[in-house]
Structure formats: C-alpha cells, structure tokens
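Notes follow the structure.
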Amino acid sequence: MHDTRPRRTFAVISHPDAGKSTLTEALALHARAINEAGAVHGKGDRKATVSDWMAMEKARGISITSAALQFVYRDHVINLVDTPGHSDFSEDTYRVLSAVDSAVMLVDAGKGLEPQTLKLFRVCALRGIPVITVINKWDRPGLAALELMDLIQEKINLRPTPLTWPVGEAGDFRGVLDRRTGEFVKYTRTAGGATRAPETRMAASEVGEDDAQVWAAAVEEHELLELDEADHDQGRFLAGETTPVMFASALQNFGVAQLLDLLLDLAPAPAATEGVDGTVRSPDDEFSAFVFKVQSGMNAAHRDRLAYARVVSGTFERGMVVTHAGTGRPFATKFAQAVFGRETTSVENAEPGDIIGLVNANALRVGDTVYVGDPVEYPPVPTFAPEHFVTASAGDIGRYKQFRRGIEQLDQEGVVQVLRSDLRGDQNPVLAAVGPMQFEVVEDRMTHEFNSPIRFHRLDYQLARRTDAAGAVALSGIRGVEVLQRSDGTHLALFVDQWRAKVVARDHPDVMLEALPAGGDVVAAK
Ligand code: G4P
C-alpha cells in the first residue's frame with residue numbers, strides 16, 4: 001500500500017487574470033487527471049474578479065483556497081495546491097504556501113510584474129520557497145523577453161535563468177529554444193487549447209525557412225544570456241537566488257509539458273522538517289502532518305468541517321489514530337478526503353508531500369500538528385498584523401446562538417481574527433482583518449451558512465501592536481488605544497494611528513508594544 005513514487009508539491013501563484021485557472025486546467029488535462037478542460041473551474045466562472053468571487057465560490061461549492069489536485073506524471077505524484085488570488089487574502093496565501101515545496105509564478109507577458117506578483121514573490125522569498133517563473137500569454141502582444149528579464153532582476157532581485165527562450169516576439173509565437181539542448185520546440189496553434197498542443201522538437205539545423213529569421217534572433221539573445229551568466233544553477237535556485245524562467249501559452253496549452261518536466265527535474269522533493277523544539281522529522285520517519293487550512297460548510301447538508309493537512313513524514317492510512325500535538329489527545333481519522341474542483345474522493349493512504357482533508361476535525365486549528373509516535377510540533381503559521389477593524393453584532397437578536405457559533409467557526413478557520421474584551425462583552429466582538437474583503441466573506445457566510453445576518457460597525461483603529469496582560473492593565477483607559485485579546489490568547493493594543501502608538505510607547509516605556517508582521521511589510525522584508 002506504501003506508494004513510494006517521488007512527490008512534487010507546489011502552488012501556482014499569480015496576479016489575478018494572469019492565467020492561473022487556465023494553467024491549472026491545462027496541467028490537469030495534460031496529466032489526464034480530468035477528461036476535458038473546464039471540468040476543474042466552470043468556464044463561465046473563470047473571471048476571478050473581486051465582485052464575483054463569492055458567487056464563484058458558491059457555484060463551485062467549495063473555496064478555491066482549499067483545492068489540492070493530485071495527478072501522476074512520469075511516474076511522479078504531483079500535488080498542485082491552489083491559492084487565493086486576491087491580495088486581501090494574503091494571510092491565506094501565506095498559510096497555503098507553508099504547505100508547498102516550490103511555487104510556479106505566472107507572469108502575464110503583456111502586463112509584466114503586477115503588484116500581487118511582486119508581493120507573492122517576496123512571500124516565497126521569506127518562506128524560502130524556490131520559484132519557477134512562467135511567462136504566460138506569449139501568443140499575445142506583450143513586452144520584450146529581455147525587458148521582462150530585467151524587470152525580474154530589478155524589481156525582485158532574483159536572477160532570472162531562462163531554460164527556454166521564445167522564438168518570435170510576443171504575439172508572434174513560433175515556439176521556444178530549449179536552452180539546455182539547443183533544440184527548437186515548435187509550437188502549433190490549436191483550437192482553444194482543448195487538446196494537447198502538438199510540440200515538434202527539432203535540431204537547429206532543421207529549422208525551416210519560415211522561422212529562420214526569428215530563430216536567428218532567439219539564438220543571438222540566448223548567447224547574450226550566456227554571457228550574462230543567466231544559466232541555471234541548481235544550488236542557487238534552491239537557495240532562492242535565481243528563478244528558472246520559461247515561456248508559455250496556457251490557453252494554447254503550449255509549455256505545459258515543459259513545465260511538468262521542469263518540476264520533476266528541478267523542484268525540490270519533500271524534505272526533512274524541523275519542529276519547534278529542534279527535533280527533525282525526515283519523510284521516512286513515522287507519520288506527522290500539519291494543518292494549514294480549516295474549512296466548513298462545503299456540504300450544506302452535513303455541515304462538515306475539513307482540516308487540510310500536509311503530510312510531513314510517514315505514511316497516512318485512513319482510520320489511523322493520531323495524536324493532536326496541541327492537546328495531546330488522540331484523534332481518529334475515520335475519513336480523509338482529497339478535494340479539487342467539485343470532486344471529492346476518499347483517501348486511503350497519503351505520503352509526505354500529499355495534502356489530506358481530515359473530516360470532522362473539530363479540534364484542529366490552522367497550524368496544528370498531528371503525529372504518531374514520538375511527539376513533534378511544527379512551528380505555527382504566523383498571523384499578519386490586522387489593519388482593518390469592525391465590531392460585529394447579530395443582525396437578528398433572536399439568532400444570537402447562530403451568531404456566536406458562526407463567529408467561533410470563522411475564527412477557527414482564520415477567516416478573520418476575532419478580538420474580545422470584558423468591556424465589550426461577547427455580543428460585540430471586534431473583527432480584525434488584513435484586507436477588507438475578508439469582512440465580505442464573513443458577511444456572506446454568516447448570512448447564508450450560519451443563518452445569522454451580521455452587522456458591522458467600522459472602528460477607527462489602523463494598527464495593532466502585541467502586548468501582554470500587564471500591558472493590558474497599564475493601557476486601560478488611555479485615549480486612542482484599546483487592548484483586546486485574540487482567541488489564541490495574544491493581547492493586541494489597537495491604535496488610531498501610528499502617531500498615537502508612538503506617543504503611548506514614549507509615555508509608557510515599560511509596556512510591551514511589539515510590531516506584528518504586516519501583510520505589506522512582511523513581504524518587503526527580503
Ligand atoms: P486567473 O485564474 O489567473 O485569474 O486567470 P484565468 O486563467 O481566468 O485567465 C484570465 C484570462 O486570460 C482568461 O480570459 C484566459 O482565457 C486568458 N488567458 C489565460 N492564459 C492565456 C494565454 O496563454 N494566452 C491568452 N491569449 N489568453 C490567456 P477571459 O477572456 O477572461 O476568459 P475566457 O472567456 O477566455 O475564459
């Protein structure tokens with residue numbers, strides 16, 4: 001039962017609209033995991049804009065943030081973990097990225113490096129995740145290839161090391177030069193990319209007359225890159241100093257097989273992981289996993305709750321009894337699922353690198369470790385500093401019970417941070433978010449899933465600092481600051497603005513006031 005095939009666990013990240021859904025479909029199609037393009041994300045639901053995000057979520061019946069797709073390619077098991085695209089969910093993205101070994105960054109050739117692209121690149125750097133860059137939409141007019149390389153070097157300080165180089169400028173895509181073999185991989189346009197795009201490999205000497213001129217230009221640029229030391233170096237890639245680059249058209253299905261080959265050849269396999277006390281579990285050790293996402297309401301009829309966990313070591317077997325590191329209590333894994341798109345399948349076994357959805361995992365929270373054998377606990381996934389604050393109250397007083405239950409659930413899932421104080425009482429918790437769209441998710445889910453309409457009242461606070469119980473006492477009653485407690489026990493002092501925070505810090509030098517990583521700053525910290 002032990003599946004010893006090697007694993008590659010990765011995420012595709014991009015600015016919205018760069019083609020993430022299209023590429024995901026193409027990858028799955030290529031691996032024949034699904035029968036026809038469009039089965040993963042309904043075609044009509046494709047546009048992942050802010051306004052229809054929620055509708056899309058509902059239409060799909062699950063959150064796109066939860067999806068993990070598994071397929072086999074060249075006798076490797078590939079796990080593709082999906083991430084939310086919108087920057088308001090950066091905290092979610094950060095958590096998901098804790099579960100992968102590498103990332104594929106999709107860049108729209110026409111748009112270059114967009115804000116979310118930059119942010120995600122930096123999150124990967126911070127987490128030490130090697131990134132493969134795919135320049136997408138080469139079938140459409142866009143920036144020059146060399147210019148794109150300069151942007152990557154300048155804006156994110158990663159050295160691009162192209163493995164393929166486009167033959168023909170953006171919009172006149174003839175194929176790519178495989179820089180490792182010197183061959184021409186010729187591209188044939190297909191209708192809608194619904195089938196595998198035919199790729200013809202040929203030696204330089206076989207390049208036809210039609211392509212001769214653009215081929216010569218590509219060879220010249222390839223030589224320039226060689227002079228510039230822009231060649232792949234595995235050590236530097238794994239150390240996060242370089243990013244291999246390839247050119248593709250996800251819509252036309254061109255470059256998809258090349259990307260899969262790259263993942264197999266270059267991306268790291270699941271590795272040993274260190275626990276908080278310094279003990280290390282290697283993939284061959286006994287079973288352990290950590291939860292990076294909790295989600296409920298996927299099936300309205302059952303009110304089920306899934307905890308998504310990444311297997312770190314050992315083999316997971318359905319029905320296994322594991323220990324929950326936080327409480328030391330046993331947890332019976334009666335069922336486990338793999339979920340992607342609308343499909344749910346039962347998982348019998350899982351290996352390091354695989355993602356499992358543990359059913360009815362009411363005790364499990366984001367960041368929790370489960371294990372068999374010797375205790376191990378993996379580092380918690382950091383939370384970001386919230387920058388938006390509201391008080392919440394039940395829109396319908398008669399539904400207070402539902403309100404409480406909903407808030408508690410959304411808190412445990414990490415949809416928003418829930419803050420409380422004796423002063424405000426339980427009826428009006430403060431909800432804190434990194435991005436305001438998180439509140440929209442709360443409103444939607446409270447209304448539709450928990451049957452408790454919710455009312456928000458915006459608070460004037462703009463920033464939070466970590467303090468302690470003594471700080472909470474010392475700061476009580478001071479103008480422009482309020483101390484509340486998060487459900488994980490952390491005390492947060494909220495300030496109307498940074499001036500107020502500075503004045504309070506100056507006047508109370510003995511009070512602990514620590515900055516938390518901010519959605520924006522964390523990522524600037526590279
Ligand atoms: P996202 O998940 O990153 O948000 O992007 P998505 O795949 O939904 O793609 C955004 C748009 O870009 C889609 O067009 C898609 O067809 C198009 N696209 C993706 N890859 C390529 C490519 O390689 N070449 C070209 N030319 N277009 C590409 P749309 O008009 O918004 O949707 P649709 O009506 O085509 O589905």
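Note that the structure is predicted; figures quoted are calculated from it, not measured. For the single chain, residues carry numbers from 1 onward in sequence order. Whatever order the structure lists them in is the order used to number ligands and atoms, beginning at 1.
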Q | Minimum non-hydrogen distance to atom 5 (O) of ligand 1, winning option of S14, G255, G19 | A | G19

Q | Whether R95 side chain and G414 backbone form a donor-acceptor pair below 3.5 Å | A | yes

Q. Does D139 approach ligand 1 within less than 4.0 angstrom via side chain, backbone, both or neither, non-hydrogen atoms only?
A. side chain

Q.
Heavy atoms only, cut-off 4.0 Å: how does A248 contact ligand 1, side chain, backbone, both, or neither?
A. neither

Q) Can an N or O of S21 be found at a distance shorter than 3.5 Å from an N or O of ligand 1? A) yes

Q) Looking only at heavy atoms, which two atoms of S249 and D139 are closest? And how far apart? A) OG-OD1, 2.9 Å

Q) Hey, is ligand 1 close enough to W138 that some N/O pair sits below 3.5 Å? A) no

Q.
A side-chain contact here means heavy atoms from C-beta on lying under 4.5 Å apart; do I132 and S102 qualify?
A. no

Q) Do you know which of D265, T164, D231 makes side-chain contact (heavy atoms from CB on, under 4.5 Å) with R180? A) D265

Q: Return the set of residues passing ring-ring contact (aromatic ring centres under 6.0 Å, His included) with F184 (not counting sequence neighbours), or none when no residue passes.
A: W215

(Q) Applying a heavy-atom cut-off of 4.0 Å, say which part of K20 lies close to ligand 1: side chain, backbone, both or neither. (A) both

Q | S249 and ligand 1 - part of the residue with a heavy-atom distance under 4.0 Å | A | both

Q: Please identify each residue that fulfils side chain to side chain donor-acceptor pair (under 3.5 Å) with R365, with sequence neighbours left out.
A: none

Q.
Can you tell me which portion of L251 lies within the under-4.0 Å heavy-atom range of ligand 1? Options are side chain, backbone, both, or neither.
A. both

Q | Best match, L23, V12, D108, N136: closest heavy atom to atom 20 (N) of ligand 1 | A | N136

Q) Would the number of heavy atoms belonging to other residues, nucleotides or ligands and lying under 6.0 Å from CD of E241 be above 12? A) yes

